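Here's the structure we're looking at; comments come further down.
What you see is a predicted model; the values in this text were computed from it and never measured. Heavy atoms only: backbone and side chains are in, while hydrogens, waters and symmetry mates are out.
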There are 4 protein chains.
Amino acid sequence: MKTATRPGAEAEAHRVTRPRADALRNRERIVSAAREMFVEYGPEAPLDEIARRASIGNATLYRHFPDRSTLLVEVVRSVMSRTAEAAERADAEESDPFAALCRFVHEAADERIGALCTLLCGHFEPHREDLEVERIRLTQIVDAMMERARLAGRLREDVAQGDLMVALAQLSRPLPGTGCMNIDRFTHRHLQLFMDGLEAPARSALPGRSATLEDLRRATP
Amino acid sequence: MKTATRPGAEAEAHRVTRPRADALRNRERIVSAAREMFVEYGPEAPLDEIARRASIGNATLYRHFPDRSTLLVEVVRSVMSRTAEAAERADAEESDPFAALCRFVHEAADERIGALCTLLCGHFEPHREDLEVERIRLTQIVDAMMERARLAGRLREDVAQGDLMVALAQLSRPLPGTGCMNIDRFTHRHLQLFMDGLEAPARSALPGRSATLEDLRRATP
Amino acid sequence: MKTATRPGAEAEAHRVTRPRADALRNRERIVSAAREMFVEYGPEAPLDEIARRASIGNATLYRHFPDRSTLLVEVVRSVMSRTAEAAERADAEESDPFAALCRFVHEAADERIGALCTLLCGHFEPHREDLEVERIRLTQIVDAMMERARLAGRLREDVAQGDLMVALAQLSRPLPGTGCMNIDRFTHRHLQLFMDGLEAPARSALPGRSATLEDLRRATP
Amino acid sequence: MKTATRPGAEAEAHRVTRPRADALRNRERIVSAAREMFVEYGPEAPLDEIARRASIGNATLYRHFPDRSTLLVEVVRSVMSRTAEAAERADAEESDPFAALCRFVHEAADERIGALCTLLCGHFEPHREDLEVERIRLTQIVDAMMERARLAGRLREDVAQGDLMVALAQLSRPLPGTGCMNIDRFTHRHLQLFMDGLEAPARSALPGRSATLEDLRRATP
DNA sequence: TATGAATGAGGGTTCATTCAT
DNA sequence: TATGAATGAACCCTCATTCAT
């Protein structure tokens, strides 16, 4: 009772949780700064500069993310999560399943999924638990969307998810070199041309086998 | 006359060029090693490692190429030159102009033009003389091929050279990370899908403006 | 009041400055080692060796002084500051203004101002703020001392500050080559002979124009 | 007989000695270029650049001078030789022995004896035969000139050759930093002031002992 | 816990010197 | 003999990571 009536009690209770709130806020700032830096400078971006952009000390970054891989994973995970959400929204809201795929692709490009997912390749051990959750979620919704489009006769038969996802990643990557963000101007054009190529009926026979994301992973040593 | 009859004259003339022959051999080995390294690790590949792969001392690399830019230019120039040759062959030998474009695109991918031309972006001053020669040569033949395909009603009207070249570069880039050369397995599939999207009649309206290579150059700060 | 009564407040305040105390100690050791090395080997002395003498890692040196210029400036600034103090003391304590000049010259030589001020020539952009403060301070006190000596008829009329300062710098420089610190044995003799030449009445007509320190600066490209 | 009458015989004989003439010419060009470079950039001047200025291959420099020391010695020796000649001329032509000293000092400064003789300190083993010859020659003529001036009551009694030679070297050295050749503007003023201080009667008591060149040499480890 | 500071390892580049023609 | 080319060692500087407060 006394605490309930004493003025400032709530503030005190707050004070108990505040440090954790601060830590979470720091963590968010780090991930946000890291996303910007990785997109702009690639996966080798200086960690000190990421810390500086997040307005925290460099050692604090290491407390939250003991190595570069951990930070990369978290950045990619968060982007994957938002991308999966975009896919789910597109799937739910578009009546034409091929239009849903197109919408998803363009929205994913805006999320820089290209810049970031490709970071995964070769930069850390593949099977982090938390990342797998989002990867599977994304894989499943994209698979479902493609299957629906295929059944509707809107998507050519000879393509698999890896075809879509790798091309999406590549076409939305920034051009190499610092600050070449200008790829944005062209990405959506190229993605649209690619989607036109995916549309049924197929206009050509494709060489090789269709790829899954698992193929890509395995292909990486 | 006198030199022709004097014994050893030929040997002397030889002696003038022979040392250069050794140096040229070294130069070739450097360019070749650099091409591999740049494709695999990007334009920031350690020059010392390039020298090691070429089995020469590190300072020798600097004798031939005083800075990284010069080496990058030479690597890109040689690839551009071979790619232009491929384009000219395809243009000459294929009766269907769209088939010629397709053949060129796949051959260019095998030359790793994607990996290498994108190196240009932001990594050195744009207008080196020798590079420009090859760039113009390549630009002109590709423009000619696209124009022919367009006139034949085989290429959609709303695309320009930059659309083709940038997508070609992006789709044939190796995935980031060491040794991810396995993109080759998928590149030709993705390129074919993209070419299907380029084929007339257009299946969609494209967003934005068509890009030229000049646009890309200007977009880079 | 509140901080005074709160236990640990002083300790906390201390904690804010204590790390800086360690860093300052390192900084002092760097400047001291740099002074020795610059005097002994000139302004091109290896920075790694300076770090080694200061018993710190090489990168620590760069944390404190991002480039060679910054370190040079700090070394020279501190010596200029001590030299200006010596001049002010001599000016205040000696009744004969020419004796004050002589005392200043010998004390400045002991500060190695010769070795160090000459480092300025051509090794960094001339107008660093903090350095200018000390340079002006030194210039003004020496000008004042010379003017007083001139008015007292003790200093010949045809000399200016640059004549004194450049000769002081040159005569007190260490001889080139490692460890030739033994110039000290002779510097004071030579300086005294030079001062005898400065004394009024003039024993000869001087060639050229009298130099100011500004002349020297401008003379450097 | 037959060779005497055959046309071109003399030319042939010439041809035997011509290579040596070429070699000597090369040697002269190297020494000359080295003198310029050492004066301008100090004793660490790049040997490759010296070779380039002499318009010869770098390896040719090594054929003539197997190491930097040998080249330094030769440069200094030639300057010492010319300086000794200047001393001998001044001694022969000036009636006032102190005026002879003054003339010698200024001429020696123009020979850059300061820049070059100080190169000796610490940069090579002290007792090269050919160098000693010139050093002794120079020492003896300067000693003789000083003795004559002393006897004539024109030079103060408490100075020795080292006092003159070291101060001469120091005052005529270029200021540190590349290309600071502008010391010339002031050198002759400072030397004149120093000579005024050397003139009898002495205006002060000198600290320390008078130095000989031998003292300097021994002082160097 | 958060931080500024320290550090070692590695890459880029220059230069003295050696080698092969 | 004279030369261009090759080389390794040394230096400068950056950055990921650890330490001490």
Side-chain angles (χ1 to χ4, degrees), chain A residues 19-20 22-23 26 44-52 55-68 71, chain B residues 11-12 14-27 30 44-52 54-68, chain C residues 11-12 14-27 30 44-51 54-68, chain D residues 18-20 22-23 26 44-52 55-68 71:
Chain A
R20 186 168 289 165
D22 263 31
N26 272 346
E44 317 282 354
L47 296 188
D48 278 22
E49 177 64 15
I50 292 175
R52 212 189 53 74
S55 304
I56 58 159
N58 56 354
T60 303
L61 187 150
Y62 282 87
R63 175 162 298 276
H64 286 283
F65 303 98
D67 55 21
R68 180 183 293 272
L71 179 55
Chain B
E12 271 179 29
H14 228 161
R15 201 166 287 158
V16 172
T17 53
R18 182 89 58 78
R20 203 171 273 168
D22 255 34
L24 277 182
R25 182 167 195 80
N26 268 343
R27 187 185 169 91
I30 292 170
E44 315 283 356
L47 296 187
D48 280 19
E49 176 64 16
I50 292 175
R52 213 190 53 74
S55 303
I56 58 162
N58 57 354
T60 302
L61 188 149
Y62 283 89
R63 169 171 294 271
H64 287 281
F65 302 97
D67 55 20
R68 180 183 293 273
Chain C
E12 273 179 28
H14 229 161
R15 199 167 288 157
V16 172
T17 53
R18 182 89 58 78
R20 202 170 272 166
D22 255 34
L24 279 182
R25 182 167 194 83
N26 268 344
R27 188 185 168 90
I30 293 170
E44 316 281 357
L47 297 187
D48 281 18
E49 176 65 15
I50 292 175
S55 303
I56 57 161
N58 58 352
T60 302
L61 188 150
Y62 285 90
R63 169 173 293 271
H64 287 281
F65 302 97
D67 54 21
R68 180 182 294 273
Chain D
R18 180 94 58 82
R20 187 167 291 166
D22 262 30
N26 272 346
E44 317 283 353
L47 296 188
D48 278 20
E49 177 62 17
I50 292 175
R52 211 190 53 75
S55 303
I56 58 161
N58 57 354
T60 304
L61 188 151
Y62 281 87
R63 174 162 299 276
H64 286 282
F65 302 98
D67 54 21
R68 179 183 292 274
L71 179 55

Interatomic distance where CG belongs to Asp48(C) and C1' belongs to dC11(F) [whole Å]: 6 Å
Taking the side chain of Leu47(C) as its heavy atoms from C-beta onward, which of dT14(F), dC12(F), dC15(E) lies nearest to it? dC12(F)
Rounded to the nearest Å, what distance is computed from the CG atom of residue Leu24(B) to the C1' atom of nucleotide dA5(F)? 12 Å
So, is Thr60(B) near the phosphate of dT7(F), with a side-chain N or O under 4.0 Å from OP1 or OP2? yes
Nearest heavy atoms of Ala51(C) and Gly57(C), plus distance in Å: CB-O, 4.0 Å
Of the candidate nucleotides dA16(E), dT14(E), dT17(F), which contains the atom at the shortest distance from the side chain of Tyr62(B)? dT14(E)
When you measure from the side chain of Ala59(B), which nucleotide among dT7(E), dT7(F), dT3(E) comes out closest? dT7(F)
Establish, with yes or no, whether the OP1 or OP2 oxygen of dG4(F) is under 4.0 angstrom from a side-chain nitrogen or oxygen of Arg63(B). no
Roughly how many Å is it from CD1 in Ile30(B) to P in dA5(F), rounded to a whole number? 12 Å
Counting C-beta onward and ignoring hydrogens, is there a side-chain heavy-atom pair between Asn58(C) and Leu47(C) closer than 4.5 Å? no
Give the rounded distance in Å between these two atoms: CD1 of Ile56(B) and P of dG8(F). 11 Å
Sort out the partner of dT17(F) for me: Watson-Crick or G-U wobble, both distances under 3.5 Å, none otherwise. dA6(E)
Verify the contact: side-chain N or O of His64(B) to OP1 or OP2 of dA6(F), cut-off strictly under 4.0 Å; return yes or no. yes
Nearest whole Å is fine: how far is dA6(E) P from Arg25(C) CZ? 12 Å
Taking for each residue the nucleotide of DNA chain E bearing the nearest heavy atom, is the 5' side occupied by Asn26(C) or by Pro46(B)? Asn26(C)
Ile50(B) CD1 to dG11(E) C1': how many Å, rounded? 12 Å
Which atom names give the shortest non-hydrogen contact between Leu61(C) and Ile56(C), and what distance separates them? N-CD1, 3.8 Å
Given atom CG of Leu61(C) and atom P of dA6(E), what is their separation to the nearest angstrom? 11 Å
Strictly distance-based, threshold 3.5 Å: is any side-chain N or O of Arg27(B) a donor or acceptor partner for the main-chain N or O of Phe65(B)? no
Start at the 5' end of DNA chain E and walk down; is the nucleotide closest to Ser55(C) or to Pro66(B) reached first? Ser55(C)
Contact class for Ala51(B) (heavy atom, under 4.0 Å): base, sugar-phosphate, or nothing? nothing
Distance check, rounded to the nearest 0.5 Å: Ile50(B) atom CD1 versus Arg68(B) atom CZ? 6.5 Å
Could you tell me the separation between the CZ atom of Arg52(B) and the P atom of dG8(F), rounded to a whole number of Å? 13 Å
With the side chain of Asn58(A) defined as its heavy atoms from C-beta on, choose the nearest nucleotide among dT17(F), dA9(F), dA6(F). dT17(F)
